Student: 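Sharing a structure, written as structure tokens. Questions coming.
By convention in this document, chain letters (A, B, ...) are assigned in the order of the sequence lines, proteins followed by strands, and residues within each chain are numbered from 1. Keep in mind the model is a prediction, meaning the values are calculated, not measured.
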Amino acid sequence: MQATWSTRLGVQTPVSDDLEIIHRVLQGEIDCFAELIARYRQHVARIVTRHVPGDRVAEVAHDVFVRAYGGLAGFAGQAPFEHWLSSIAVRTCYHFWRAMRRQELPVSALTEEHHQWMEQVLAAESDDRFREQVKRREAAELSQWALSHLSAENRLVLTLLYLDGHSAREAAGLLGWSVAKVKVRAHRARQTLRKLLRDEWERKDDDTTQ
Amino acid sequence: MTRLSDEDLNKLERALAESHRSRQEPSLGADWVRHVMQDVRREAARPRQALLSAGIAYTVRQAAAVAAALALILVGSVLVYTGQDTVELAALLSEEFETGEPLVE
């Protein structure tokens, strides 16, 4: 078999090698699956980190590999294992948010510090000033606050397209949606995000003028 | 009251996106791999019987659906080709069953 290479990881791994391991796992050598986990755990962690809170990454990544094992017989081997696994990782994050939505977790409100952060970002004239603001805790909190107002679908598609920088076609492949659906969802999600920021800004202004 | 312009919103979006991209993934160590493998082994031990019964249930459902569809087609074609209404057909069928000889050994 001619070896093709998976290069998105730090270390190149031959795709045919993955197929050999998968074949052995499916033949009943379950312990070989640990080799796939070891190879791809950081890749999965990287994807999951972009979508779920930091303290839940290990748990969701765990689910990704258990789901991957459960669906391994359905892996056709036409695309690299890494791509197949990425798709499972994204869908597991989607299920995570669906489950969280059902629990109706309270969303923490923004504070004066977050409003000041918005003002400082808008006032930042140099790139250095802008980057300083990006590194602040308020940036991450505001990002989480805004995403928490979106549905699981909108949240995921917004993260994939605008935050991770995937193309609509790549996002469609990861989600198992049509490209048109991804574009429509992404547009709606972005409009919702912008409205949230605009409303929050105006609310802050109202509070200060009263 | 000052309103955010589209340009302002773009700048805020860009800041949030860059903050989001800078998140660092945790390092998943050997203990974590061991825990995952425990669940994978549990999964491997569990599903054979469940899969088998799920497979049988699926086959039974499929067979029932096919049988129901065939029965509908049969009844439909009988109605069309005989030109008789359902009451007559039912009467004929019940008569057929009632007059049928019981099975004797």
Student: Heavy-atom distance under 4.5 Å between the side chains of A/Tyr162 and B/Glu13, does that happen here?
Tutor: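 They are not in contact (no side-chain heavy atoms under 4.5 Å apart), so the answer is no.
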Student: For B/Val36 and A/Tyr69: C-alpha separation, side-chain torsions, deciding distance, then whether side-chain contact (heavy atoms from CB on, under 4.5 Å) applies.
Tutor: CA-CA 10 Å; B/Val36 178; A/Tyr69 173 78; over 6 Å; no
Student: So which heavy atom on B/Leu16 is nearest to which on A/Ala139, and how close?
Tutor: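 Taking every non-hydrogen atom into account, CD2-O, 3.6 Å.
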Student: Is the closest basic N to carboxylate O distance between B/Asp6 and A/Arg198 below 4.0 Å?
Tutor: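 Result for this pair is yes, salt bridge flagged.
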Student: Is A/Val25 close to chain B through its backbone or its side chain, or both, or neither, when contacts mean heavy atoms under 4.5 Å?
Tutor: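 Interface part for A/Val25: neither.
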Student: With a 3.5 Å distance limit and no angle check, can you tell me whether B/Lys11 reaches the backbone of A/Ala123 through a side-chain donor-acceptor pair?
Tutor: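 It does not hold such a pair.
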Student: Rounded to the nearest 0.5 Å, what separation is found between the OG atom of B/Ser27 and the CZ atom of A/Arg41?
Tutor: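 Nearest 0.5 Å value for the OG-CZ distance: 6.5 Å.
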Student: With a 4.5 angstrom heavy-atom cut-off, which part of B/Arg34 approaches chain A: side chain, backbone, both or neither?
Tutor: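 Answer is neither: B/Arg34 stays 4.5 Å or more from chain A.
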Student: Is it the case that the side chain of B/His20 and the backbone of A/Ser143 share a donor-acceptor pair, with hydrogens and angles ignored and the cut-off at 3.5 Å?
Tutor: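 Not at all, since once roles are kept as given, no pair shorter than 3.5 Å links the two residues.
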Student: Given that the side chain runs from C-beta out, which part of A/Ile30 has a heavy atom under 4.5 Å from chain B: side chain, backbone, both or neither?
Tutor: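 Contact with chain B: backbone and side chain both.
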Student: Please rank B/Ser22, B/Ala30, B/Ala17, B/Pro26 by heavy-atom pairs under 4.5 Å with chain A and give me the top one.
Tutor: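 Counting heavy-atom pairs under 4.5 Å, the top option is B/Pro26.
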Student: Do you know which of A/Leu147, A/Val121, A/Ile47 has the most heavy-atom pairs under 4.5 Å to chain B?
Tutor: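 If we count pairs closer than 4.5 Å to chain B, A/Val121 comes out on top.
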Student: For side-chain contact (heavy atoms from CB on, under 4.5 Å), just list the numbers for A/Trp117 and B/Leu12, CA-CA rounded to whole Å, side-chain angles, deciding distance to a tenth of an Å, and then say yes or no.
Tutor: CA-CA 10 Å; A/Trp117 178 84; B/Leu12 284 173; 4.2 Å; yes
Student: Return yes when atom CZ of B/Arg23 has more than 12 non-hydrogen atoms of other residues, nucleotides or ligands closer than 6.0 Å, and no otherwise.
Tutor: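 Check passes, neighbour count above 12.
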Student: Tell me whether B/Glu25 contacts the main-chain N or O of A/Val44 through its side chain, where contact means a donor paired with an acceptor under 3.5 Å.
Tutor: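 Answer holds: no.
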Student: Mark yes when over 12 heavy atoms from residues, nucleotides or ligands other than B/Gln38 sit less than 6.0 Å from its CD; otherwise mark no.
Tutor: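 Yes, CD of B/Gln38 has more than 12 neighbouring heavy atoms, counting only those of other groups under 6.0 Å.
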Student: Cationic tip of B/Arg41 within the cone over A/Phe33's six-membered ring, i.e. under 6.0 Å and within 45° of the normal?
Tutor: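 No cation-pi geometry.
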Student: Report which part of A/Ala68 has an atom under 4.5 Å of a heavy atom belonging to chain B: side chain, backbone, both, or neither.
Tutor: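 Contact with chain B is absent: no heavy atom of A/Ala68 under 4.5 Å.
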Student: Taking B/Arg21 first and then A/Asp164, would you say they form a salt bridge - that is, a charged N and a carboxylate O separated by under 4.0 Å?
Tutor: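 A/Asp164 and B/Arg21: not salt-bridged.
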Student: Under 4.0 Å between a side-chain nitrogen and a carboxylate oxygen: does that hold for A/Arg131 and B/Glu18?
Tutor: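 Result for this pair is yes, salt bridge flagged.
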Student: Give the intermediate values and the outcome of side-chain contact (heavy atoms from CB on, under 4.5 Å) for residues A/Arg194 and B/Asn10.
Tutor: CA-CA 9 Å; A/Arg194 289 169 81 89; B/Asn10 290 344; 2.9 Å; yes
Student: For the backbone of B/Arg3 and the side chain of A/Trp201, can you confirm whether one donor and one acceptor N or O come within less than 3.5 Å of each other?
Tutor: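 Answer holds: no.
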Student: Hey, is the main chain of A/Val66 close enough, under 3.5 Å, to the side chain of B/Glu43 for a donor-acceptor pair?
Tutor: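 Checking the backbone N and O of A/Val66 against the side chain of B/Glu43, no donor-acceptor pair under 3.5 Å is found.
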Student: Return the CG to CG distance between A/Leu193 and B/Leu9, rounded to the nearest 0.5 Å.
Tutor: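 Those atoms lie 8.5 Å apart.
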Student: Could you pull out all residues at least two apart from A/Lys181 that satisfy side chain to side chain donor-acceptor pair (under 3.5 Å)?
Tutor: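 Residues passing side chain to side chain donor-acceptor pair (under 3.5 Å) with A/Lys181: none at all.
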Student: What part of B/Gln24 lies closer than 4.5 angstrom to a heavy atom of chain A: side chain, backbone, both or neither?
Tutor: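 Contact with chain A involves the backbone of B/Gln24 alone.
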Student: Could you have a look at A/Thr159, A/Leu163, A/Asp63 and say which one has the most heavy-atom pairs with chain B under 4.5 angstrom?
Tutor: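 Highest number of pairs under 4.5 Å: A/Leu163.
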Student: Under the side-chain contact (heavy atoms from CB on, under 4.5 Å) criterion, do B/Leu4 and A/Leu122 qualify, and how do the steps go?
Tutor: CA-CA 10 Å; B/Leu4 286 175; A/Leu122 295 176; 3.5 Å; yes
